[in-house]
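Encoded as structure tokens, the structure appears first; notes follow it.
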Amino acid sequence: MLDPHLIRADLDAVARRLARRGVELPTARLSELEGARKAAQIATQELQQERNARSKAIGQAKARGEDGASLMAEVGALGDRLQAAERRLEEIQDELNEVLLGIPNLPHDSVPDGRDEADNLEVRRWGEPAAFDFAPRDHVDLGAKLGLLDFESAARIAAARFATLSGPLARLHRALIQFMLDLHTTEHGYREVYVPYLVNADSLTGTGQLPKFEQDLFKIQRPDADGALERSLYLIPTAEVPVTNLVRGEILEAEDVPRRYVCHTPCFRSEAGSYGKDTRGMIRQHQFEKVELVQIVRPEDSYAALEQLTAHAETVLRRLGLPFRTVALCAGDMGFSAANTYDIEVWLPGQQRYREISSCSNFEDFQARRLQARWRRPQGKKPELVHTLNGSGLAVGRTLVALMENCQDREGRIHLPAALHPYMGGVSVIG
RNA sequence: GGAGAGGUGGCUGAGCGGUCGAAAGCGGCGGUCUUGAAAACCGUUGAAGGGCGACCUUCCGGGGGUUCGAAUCCCUCCCUCUCCGCCA
């Protein structure tokens, strides 16, 4: 959520910055609501003040042993007016809040202009795509040839857009998770956490998935005692949600502040809007594993943290020897809650292009405001909002795809990088 | 699932219809003392919102209700703890 003060103070500047994302701020409606809010709030508070003063007088009269009946008669008439004023104020605030919750974050000044993916800016590139002296297969063909990757059984068990892995490929998948967790905990200073995979609506509102993107989520309805459907939970679309919510409603002490978490979870995405994209293979699935990096930092440190976190994610690819490039997302391509985002894209020989394997974002105080996640500066000042960041470190399924496609030989065998050998029980070649 | 007990400020914890936004302790901050620190002592210290301001409003797990007035009474939901049952 944006700072309401900022919106009040300079609505046009906010609108201009949002226009870079291709978002039109409903300025007329906002200023109308804000005006109504102010009037209603002042009116309500005046009535409350009057009621409080008179009620107090009744109390004092009674304490003196007086009757107070005449005073009570005076206040009676106030009740209805107060209630009406309170209702009206609540209505306006609900409406205002609804609008506010639907406004995306402001892009940082350093974010390049642009409408979509095509306008993203490459900031660096690492590794050389291998020159194959044969036509490289994509992971679907490789998996089928190896007999270790199968979409039909997954469709039978569940539905389209699921996959089953078996044997050494299933082990490789697990090995990648262990490798990533070990790297980030032992070398990059993250604390490993295990969290719920089902979360409530408040958590999703906190990180920004709700209210706007409910259609992307799998929702679990829980029948209550009467069989009525209430108290829904949602399957997490990313560990970002439960992990960032670790600090929801907290006031952290200064020495407790940078917090760095790493967490492996499955992720579940309904992605109702994107059918038809990446239908082949395991690039876009309803269920996938991810190792996520989350940082809770002091506001002044968040941009340094973004560089650091992105580098931590890149390190995974470096260790695996997978060629990648890092792009700065343009304003139009960034996610709802992000102020600044780097995508890391890995080279996929099967597609002859770089594909997103990690997205590292600084949310500044946007999520923190929704979460009421705060910290106290050393000198015992007022609590201030923290800044939050996260990034995949990495998406496991896509890493598996990249390994298969980049490390294949003419016969369709997969030659694993040395970094994974300890996690594979000595197996260095699959197939 | 059954029975019971609870949810109060950064933390612990009192209050159970009327100056209670809330005692006390811890912690934090400021000061005295000290070469410095600790200890001791004194003072101070919740959050959010509104108003140009003097100030005002809201908040005692969430929501609803009773009342002139609710942390305190009622309803409901959520959560925590103890015992029993069941269970990976």
Side-chain angles (χ1 to χ4, degrees), chain A residues 1-9 31 33-97 100-101 194 196-206 220-234 242 245-257 259 296 365 368-386:
Chain A
M1 196 156 77
L2 299 180
D3 184 354
H5 296 109
L6 186 65
I7 292 179
R8 273 176 228 157
S31 44
L33 277 170
E34 174 53 27
R37 189 230 91 224
K38 189 164 171 173
Q41 183 162 346
I42 290 172
T44 304
Q45 292 186 355
E46 277 172 0
L47 287 168
Q48 286 170 330
Q49 184 180 355
E50 198 175 334
R51 178 207 57 196
N52 291 347
R54 294 194 183 199
S55 292
K56 191 173 276 188
I58 292 169
Q60 286 167 340
K62 289 212 167 176
R64 273 183 261 111
E66 294 164 22
D67 166 23
S70 61
L71 284 169
M72 269 157 61
E74 276 180 62
V75 201
L78 256 179
D80 289 345
R81 280 204 294 153
L82 213 199
Q83 197 171 51
E86 283 175 340
R87 292 254 152 85
R88 169 150 174 72
L89 177 60
E90 198 187 330
E91 270 170 35
I92 294 167
Q93 278 175 331
D94 286 350
E95 217 173 319
L96 197 54
N97 205 34
L100 255 27
L101 282 175
Y194 170 81
Y197 301 157
L198 288 164
V199 295
N200 58 40
D202 285 345
S203 292
L204 287 154
T205 303
I220 310 294
Q221 299 275 18
R222 285 192 294 173
D224 67 13
D226 306 324
L229 296 177
E230 273 307 327
R231 296 165 47 208
S232 307
L233 291 173
Y234 298 81
N245 272 275
L246 285 171
V247 295
R248 166 147 61 98
E250 295 281 313
I251 300 175
L252 305 175
E253 296 303 327
E255 63 272 17
D256 193 23
V257 168
R259 283 206 189 178
I296 313 296
D365 63 13
R369 186 169 293 106
R370 290 169 164 247
L371 294 160
Q372 280 303 297
R374 293 169 293 173
W375 73 297
R376 216 183 284 279
R377 284 189 185 275
Q379 292 312 314
K381 300 258 178 61
K382 290 259 179 196
E384 261 181 62
L385 296 171
V386 296

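Below, all heavy atoms of this structure are taken into account, side chains as well, without hydrogens, waters or symmetry copies. No experiment lies behind these values; they were computed from the predicted model shown.
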Spacing of the P atoms in B:G7 and B:G62 (rounded, Å): 13 Å

Determine the interatomic distance between C1' on B:C75 and the same-named atom on B:G85; round to the nearest Å. 30 Å

Determine the Euclidean distance between corresponding C1' atoms of B:A88 and B:U82; express it in Å to zero decimal places. 23 Å

What's the gap between B:G17 and B:G31 when it is taken at their C1' atoms, as a whole Å value? 42 Å

Nucleotide B:G69, atom P - distance to CD of A:Q49 in whole Å: 16 Å

Testing A:R376, A:R259, A:R374 for side-chain contact (heavy atoms from CB on, under 4.5 Å) with A:L252, which one passes? A:R259

On a whole-Å scale, what distance lies between the P atoms belonging to B:C60 and B:A70? 11 Å

A:E46 atom CD is separated from B:C56 atom P, nearest whole Å, by 13 Å

Please give the distance between the C1' atoms of B:G21 and B:G46 as a whole number of Å. 8 Å

Report the distance from atom CG of A:D202 to atom P of B:G61, rounded to the nearest whole Å. 17 Å

What distance, rounded to whole Å, do you find between the two P atoms, one in B:C59 and one in B:G69? 13 Å

Between A:R87 and A:E91 (salt bridge meaning N to carboxylate O under 4.0 Å), is one present in this structure? no

Stems in RNA chain B, runs of 3 or more consecutive Watson-Crick or G-U wobble pairs with both distances under 3.5 Å, sorted by first number, are B:1-7 with B:78-84, B:10-12 with B:24-26, B:27-32 with B:40-45, B:46-50 with B:55-59, B:61-65 with B:73-77

Could you check which residues of residues 88-96 of chain A get a heavy atom under 4.0 Å from RNA chain B? Sort them by number, please. none

So OG1 of A:T205 and CE of A:M1: to nearest 0.5 Å the spacing works out to 11.0 Å

Expressed as a whole number of Å, how far does the P atom of B:G30 sit from that of B:A39? 14 Å

For A:N200 and A:S203: C-alpha separation, side-chain torsions, deciding distance, then whether side chain to side chain donor-acceptor pair (under 3.5 Å) applies. CA-CA 6 Å; A:N200 58 40; A:S203 292; 3.2 Å; yes

Would you mind reading off the distance between A:E50 atom CD and B:U58 atom P, rounded to a whole angstrom? 13 Å

Please give, in whole Å, the distance from B:A48 P to A:Q41 CD? 15 Å

Between A:E34 and A:R37 (salt bridge meaning N to carboxylate O under 4.0 Å), is one present in this structure? yes

Mind checking if A:R87 touches a base, just sugar-phosphate, or nothing, with heavy atoms under 4.0 Å? sugar-phosphate

